[in-house]
Amino acid sequence: MSYMKDFKPLNNEEYHIINEAVRIINKSISIPCTACHYCTDECPQNIEIPKYFELFNSSDADNAAKQYKELNAEFGKASDCIGCKSCERHCPQHLEITKYLKDVANKFEQEV
């Protein structure tokens, strides 16, 4: 507890800096998944939701597409989602996972 002896709360300038950093980070992330995996435990289609969201957010599109196809060998594809929303009931971020899975499918499952 001794380290808190000289505690000083953040000032307005420091809050502004933190808020700006949050804005910049959030701007670069399309799907704000924290990869907790709570959504995957009861997925009847065995969809690797957090990993697919990570790939969707990736700036390396070619590598992400390759990894997506590799994961499809073991896990369900994003388009395999049946819309049961079990994943959404378990998501601590309250993400619209079924909507985002459609975005993932559109990005990675389109015929070239």
Side-chain angles (χ1 to χ4, degrees):
M1 298 273 288
S2 62
Y3 69 91
M4 294 296 289
K5 186 170 93 178
D6 295 323
F7 174 78
K8 294 178 186 149
L10 297 174
N11 62 39
N12 286 339
E13 181 182 353
E14 292 166 326
Y15 275 115
H16 176 72
I17 292 168
I18 291 170
N19 287 333
E20 182 63 15
V22 167
R23 187 190 67 72
I24 291 167
I25 291 168
N26 286 339
K27 184 178 172 184
S28 68
I29 299 173
S30 297
I31 304 174
C33 175
T34 59
C36 68
H37 283 269
Y38 296 151
C39 59
T40 59
D41 291 340
E42 295 183 32
C43 177
Q45 300 302 98
N46 192 32
I47 299 171
E48 183 52 39
I49 298 165
K51 186 63 179 174
Y52 291 167
F53 289 173
E54 177 186 336
L55 294 173
F56 186 88
N57 289 332
S58 174
S59 60
D60 185 355
D62 291 334
N63 190 42
K66 180 182 174 202
Q67 287 182 34
Y68 181 80
K69 287 179 182 168
E70 289 171 0
L71 285 168
N72 290 170
E74 184 177 349
F75 300 99
K77 297 184 294 186
S79 62
D80 291 338
C81 175
I82 58 174
C84 70
K85 298 191 179 196
S86 173
C87 53
E88 293 180 10
R89 287 190 292 277
H90 292 92
C91 179
Q93 306 301 320
H94 307 288
L95 299 179
E96 292 181 83
I97 295 171
T98 54
K99 174 198 161 301
Y100 287 132
L101 285 173
K102 289 176 184 171
D103 295 339
V104 171
N106 286 334
K107 181 173 184 173
F108 294 116
E109 296 179 30
Q110 297 299 314
E111 292 299 319
V112 184

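Computed from a prediction, not measured in an experiment: that's the story for all the values here.
Contact between Leu101 and Ala78 at its shortest, heavy atoms only, is O-CB, 3.4 Å. For Cys84 against Arg89, the heavy-atom pair with the smallest separation is O-NH1, 3.3 Å.
Side-chain contact between Ile49 and Tyr100 is absent, with no heavy-atom pair separated by less than 4.5 Å. Side-chain atoms of Leu95 and Pro32, non-hydrogen and from C-beta on, do get closer than 4.5 Å to each other. Between Pro50 and Cys36, every side-chain heavy-atom pair lies at or beyond the 4.5 Å cut-off. For the pair Ile97 and Cys91, the minimum side-chain heavy-atom distance is below 4.5 Å.
At most 12 heavy atoms of other shown residues, nucleotides or ligands fall within 6.0 angstrom of atom CG in Asn12. Heavy-atom contacts from other residues, nucleotides or ligands closer than 6.0 Å to CD of Glu13 number 12 or fewer. Remark: His37 NE2 is packed, more than 12 non-hydrogen atoms of other residues, nucleotides or ligands lying under 6.0 Å away. Surrounding NZ of Lys102 are at most 12 heavy atoms belonging to other residues, nucleotides or ligands under 6.0 Å away.
When atom types are taken as modelled, the side chain of Gln110 and the backbone of Lys107 share no donor-acceptor pair closer than 3.5 angstrom.
The distance from atom CG of Leu55 to atom NZ of Lys66, rounded to the nearest 0.5 Å, is 12.5 Å. In this structure, CG in Asn57 is found 5.0 Å from OG in Ser30, a value given to the nearest 0.5 Å. Separation of atoms CD1 (Ile47) and CG (Asn72) is listed at 10.0 Å; rounding is to 0.5 Å. For the atom pair CD of Glu96 and CD1 of Ile31, the computed distance is 11.5 Å after rounding to the nearest 0.5 Å. For the atom pair CG (Asp6) and NZ (Lys8), the distance works out to 6.5 Å, reported to the nearest 0.5 Å. Distance check, rounded to the nearest 0.5 Å: CG of Leu10 to CD1 of Ile17 gives 9.5 Å.
A cation-pi geometry, defined here as NZ or CZ lying under 6.0 Å from the six-membered ring centre and within 45° of its normal, does not hold between Lys69 and Phe108.
A single hydrophobic cluster is not seen to contain both Phe75 and Tyr38; linkage of ILVMFWY side chains at heavy-atom distances under 4.5 Å, directly or through other members, places them apart.
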Would Asp103 and Tyr52 satisfy side-chain hydrogen bond (donor to acceptor under 3.5 Å, both in side chains), going step by step from the backbone distance to the final call? CA-CA 10 Å; Asp103 295 339; Tyr52 291 167; over 6 Å; no

Full working for side chain to side chain contact (heavy atoms under 4.5 Å, CB included) between Ser58 and Asn63: CA-CA 9 Å; Ser58 174; Asn63 190 42; over 6 Å; no

I would like to know whether Leu71 and Lys51 meet side chain to side chain contact (heavy atoms under 4.5 Å, CB included); could you show each step before the answer? CA-CA 9 Å; Leu71 285 168; Lys51 186 63 179 174; 3.2 Å; yes

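Within the structure, every pair that satisfies the side chain to side chain donor-acceptor pair (under 3.5 Å) test and touches residues 73-88, not counting sequence neighbours, is listed here: Ser79-Glu109, Glu88-Thr98.
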